[in-house]
Structures are given as structure tokens and as C-alpha cells.
Amino acid sequence: MKMLGAFIVMLSCSITGICFGKKIVYRIEELEQIQRAMTTLKNQIDFLATPLPEALQKIGSKQKNILSSLFLETAQEMEKREGEKGEEIWRKSVLTWEQKTYLERQDIDALLSFGTSIGYLDRAQQKASIELLLQYIETTLSELQQKKKQQQKLYPSMGILGGMLIVVMLL
């Protein structure tokens with residue numbers, strides 16, 4: 001019976017370590033998806049002169065991931081525009097969407113600061129705002145790539161060692 005308990009503890013600690021190691025991978029994937037979507041948004045605004053709600057709708061419908069809900073919800077609310085500014089609509093959408101993502105607080109803050117310029121600035125200023133967000137994402141991605149190498153080895157090892165420690169302490 002003790003062996004079965006020890007096996008279960010080791011297995012659960014190992015799986016926990018692997019999950020913690022994967023969290024950074026999911027964050028990188030989501031930042032890359034945002035980067036692609038924002039590049040597309042910049043092109044829609046800059047080259048095609050697409051109105052913002054329409055551009056957000058197009059980008060949201062092309063996404064096949066968690067990001068689509070952010071863009072689609074924002075586009076729908078902008079279409080209604082019941083006296084709210086674009087910034088307020090974006091903020092509500094991001095804060096609702098935040099619960100479904102692996103992004104950290106600083107990533108959400110960068111998205112929220114992008115929203116301060118959404119909808120009421122001219123095309124050049126919106127393009128500059130998107131560029132600023134893209135620079136943040138690029139910097140963050142390069143930092144995360146370096147951390148990823150360390151953490152993908154560290155967390156599973158810590159999970160296994162933590163499991164061994166618990167088993168030794170219990171036996």
C-alpha cells in the first residue's frame with residue numbers, strides 16, 4: 001500500500017512540474033498570436049484604411065484560438081457603441097478575456113495601454129501605438145525564449161525531486 005501511495009505522490013509531483021514548465025510555452029504562443037494579429041491590424045488600418053470595428057471583426061474571424069474572442073467581442077461592442085469610448089470597450093474586453101489566457105500582468109497592462117489610443121486617433125497615431133505594442137511583444141518574446149530553456153528543464157526536475165522528498169519524509 002505504501003508503494004502505491006509513493007508512486008501516486010511521485011507521479012503527481014512530476015506532472016505538476018511538467019505543467020509549470022509548459023506555462024511559459026503557452027505564454028510564448030499567445031504572445032506570438034497577438035503579434036501576428038496586431039501586425040495584421042496595422043496593415044488593415046494603414047494600407048487598406050479599414051474602419052477599426054471591421055478590421056477587428058476580420059482578424060477575429062480568421063483566428064482559430066483564444067485570441068479570436070477578444071477581437072470579435074471588441075468589434076461587436078464597437079459596432080453598438082452605446083456612448084462608450086473605444087478605450088473603455090477595449091479595456092472591458094481585455095479584462096474579460098484575461099481570465100482565459102496564460103499572459104501575465106505586464107502583458108495585460110501592455111494590451112490595456114494599447115487600448116488608450118484605440119478608436120479616436122488618426123491612422124498614423126494608431127499605427128504608432130500598434131508599433132509600440134509590437135516592440136514590447138518582441139522584447140518580451142526574446143526574454144521568454146531564454147527563460148524557456150532554463151525552466152523547461154528546471155520545473156520537471158524540481159517536481160521529481162519534490163516528489164522524492166515527500167516520499168522519503170512520509171516513509
Does one hydrophobic cluster hold both [X] and [Y], with members joined at side-chain heavy-atom distances below 4.5 Å?
X    : Y    : answer
I8   : I15  : no
V25  : I34  : yes
I137 : Y26  : no
L67  : L72  : no
I28  : I108 : yes

The test is salt bridge (Lys or Arg N to Asp or Glu O under 4.0 Å); show your working for E54 and K58 and say whether it passes.
CA-CA 6 Å; E54 185 180 330; K58 285 181 183 179; 3.6 Å; yes
For [Y], does its backbone N or O pair with a side-chain atom of [X] as donor and acceptor, under 3.5 Å?
X    : Y    : value
E30  : Y102 : yes
T101 : E98  : no
W90  : L111 : yes

Minimum-distance pair of heavy atoms, taken over all atoms of [X] and [Y]:
X    : Y    : result
G21  : Y155 : N-CB, 3.7 Å
F71  : G60  : CB-CA, 3.7 Å
V9   : G163 : CG1-O, 4.0 Å
M164 : M10  : N-SD, 3.2 Å

Kindly compute the distance separating [atom1] ([X]) from [atom2] ([Y]), expressed to the nearest 0.5 Å.
X    : Y    : atom1 : atom2 : value
E131 : L134 : CD    : CG    : 5.5 Å
I24  : Q145 : CD1   : CD    : 8.5 Å
I59  : M38  : CD1   : CE    : 7.5 Å
S93  : M78  : OG    : CE    : 8.0 Å
L56  : S61  : CG    : OG    : 10.5 Å
Q76  : I89  : CD    : CD1   : 11.5 Å

For I160 and C13: C-alpha separation, side-chain torsions, deciding distance, then whether side-chain contact (heavy atoms from CB on, under 4.5 Å) applies. CA-CA 6 Å; I160 292 169; C13 288; over 6 Å; no
By salt bridge (charged side-chain N to carboxylate O under 4.0 Å, His left out), R91 pairs with (sequence neighbours left out) none
| What do the steps show when you test D107 against Y136 for side-chain contact (heavy atoms from CB on, under 4.5 Å), and what is the final call? | CA-CA 9 Å; D107 305 329; Y136 166 79; 2.5 Å; yes
Would R27 and E104 satisfy salt bridge (Lys or Arg N to Asp or Glu O under 4.0 Å), going step by step from the backbone distance to the final call? CA-CA 8 Å; R27 182 177 172 209; E104 293 184 358; 3.3 Å; yes
Q: Test side-chain contact (heavy atoms from CB on, under 4.5 Å) on E138 and Q135 and set out the steps.
A: CA-CA 5 Å; E138 189 65 38; Q135 286 176 344; 5.6 Å; no
Is it true that, when you exclude M158 itself, more than 12 heavy atoms of the residues, nucleotides or ligands shown sit nearer than 6.0 Å to its CE?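 Counting other residues, nucleotides and ligands, CE of M158 stays at 12 neighbours or fewer.
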Q. V167 and F7: side-chain contact (heavy atoms from CB on, under 4.5 Å), yes or no, with the steps?
A. CA-CA 9 Å; V167 168; F7 176 75; over 6 Å; no
